[in-house]
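Below: the structure, in structure tokens.
Note that this is a predicted model, so its numbers are computed, not measured.
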Amino acid sequence: KKVLDMLVSSIRSVRLPRVSGYSGLMSQARYFGGEPQYNSFGALKLRPKNRPVSPHVAIYAFPLPAITSILHRATGTGLTLGLCAAAVPVAINPALVVPIMAFVKSVPLIHLGLKFALSYGFSFHLLAGLRHFYWDYTGKGLDNVHQFDASSRFIFWGALLVAIALTFIRF
């Protein structure tokens, strides 16, 4: 504890040196109230307490292309984790697959829910991936916000229609 107290007090006593010719942080600190202020660890304070904070994620409305990008990553991760989770019973004992599939097919809500989740995740990830391939090889659609939003809407609705169709196909 004594060593920790000495370490904390030495960190608190350190002050950042003023660098000549560098006006970024120091001029910003002077703008906010005269001399630069340091916190308890010696780091420069840049924002006084009465300034507003940037919008929080809970109140910030993400644009549709950002939501599409996040869901593209989430569906890829979910499909990968789902494949790994499905491979575990097969790796442990291949005979477990038959009773698990019989149980899933015996409860329609679980059966249709899993089919919809898998088909929506796969179709959404596929359509978003095809859009990225199109962007990578043509470069079109990136500079126009309306095309960007339209392609995001197409991915959402197209994946939903494909997922509904695949959910109710019997195989």
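- Atoms CH2 and CD, on W135 and Q147 in that order, are 10.5 Å from each other to the nearest 0.5 Å.
- Placement of F124 and L161 in two distinct hydrophobic clusters is found when ILVMFWY residues are connected by side-chain heavy-atom separations under 4.5 Å, directly or transitively.
- Taking OG of S106 as the start and CE of M101 as the end, the distance is 11.0 Å to the nearest 0.5 Å.
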Full working for side chain to side chain contact (heavy atoms under 4.5 Å, CB included) between S151 and Y134:
CA-CA 11 Å; S151 66; Y134 178 75; over 6 Å; no
I'd like to know whether F156 forms a side chain to side chain contact (heavy atoms under 4.5 Å, CB included) with I67, so could you lay out the CA-CA distance, the side-chain angles of the two residues, the decisive distance to 0.1 Å, and finally the verdict.
CA-CA 10 Å; F156 279 112; I67 295 170; 3.8 Å; yes
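- For the pair R131 and F148, the cation-pi test (distance below 6.0 Å, angle within 45°) is passed.
- In this structure, T167 contributes its side chain and A163 its backbone to a donor-acceptor pair below 3.5 Å.
- Open room surrounds CH2 on W157; 12 or fewer heavy atoms of other groups in view lie less than 6.0 Å from it.
- Residues A159 and S123 come closest through the heavy atom pair O-OG, 3.2 Å.
- Note: Y120 and F116 have parallel aromatic rings, judged against thresholds of 30 and 60 degrees for the angle between ring planes.
- In the hydrophobic clustering of ILVMFWY residues, with side-chain heavy atoms under 4.5 Å counting as a link, L64 and L71 come out together.
- Exactly one residue among T80, T75, T77 makes a side-chain hydrogen bond (donor to acceptor under 3.5 Å, both in side chains) with H125. That residue is T75.
- Within 6.0 Å of CG on L81 lie more than 12 heavy atoms contributed by other residues, nucleotides or ligands.
- Atom CD1 of I155 sits about 10.0 Å away from atom OG of S69, to the nearest 0.5 Å.
- Hydrophobic clustering, with ILVMFWY side chains joined whenever heavy atoms are under 4.5 angstrom apart, keeps L160 apart from L130.
- Both V107 and L114 sit in one connected hydrophobic cluster of ILVMFWY residues. Membership requires side-chain heavy atoms under 4.5 Å apart, directly or through other members.
- Each of L118 and L166 belongs to its own hydrophobic cluster when Ile, Leu, Val, Met, Phe, Trp and Tyr are linked at side-chain heavy-atom distances under 4.5 angstrom.
- With sequence neighbours excluded, the residues forming a side-chain contact (heavy atoms from CB on, under 4.5 Å) with A66 are F62, P63, listed by chain and number.
- The side-chain contact (heavy atoms from CB on, under 4.5 Å) with K140 is formed by just one residue from the set T138, N144, D143; it is T138.
- Side chain to side chain, T68 and R153 fail the donor-acceptor criterion of an N or O pair below 3.5 Å.
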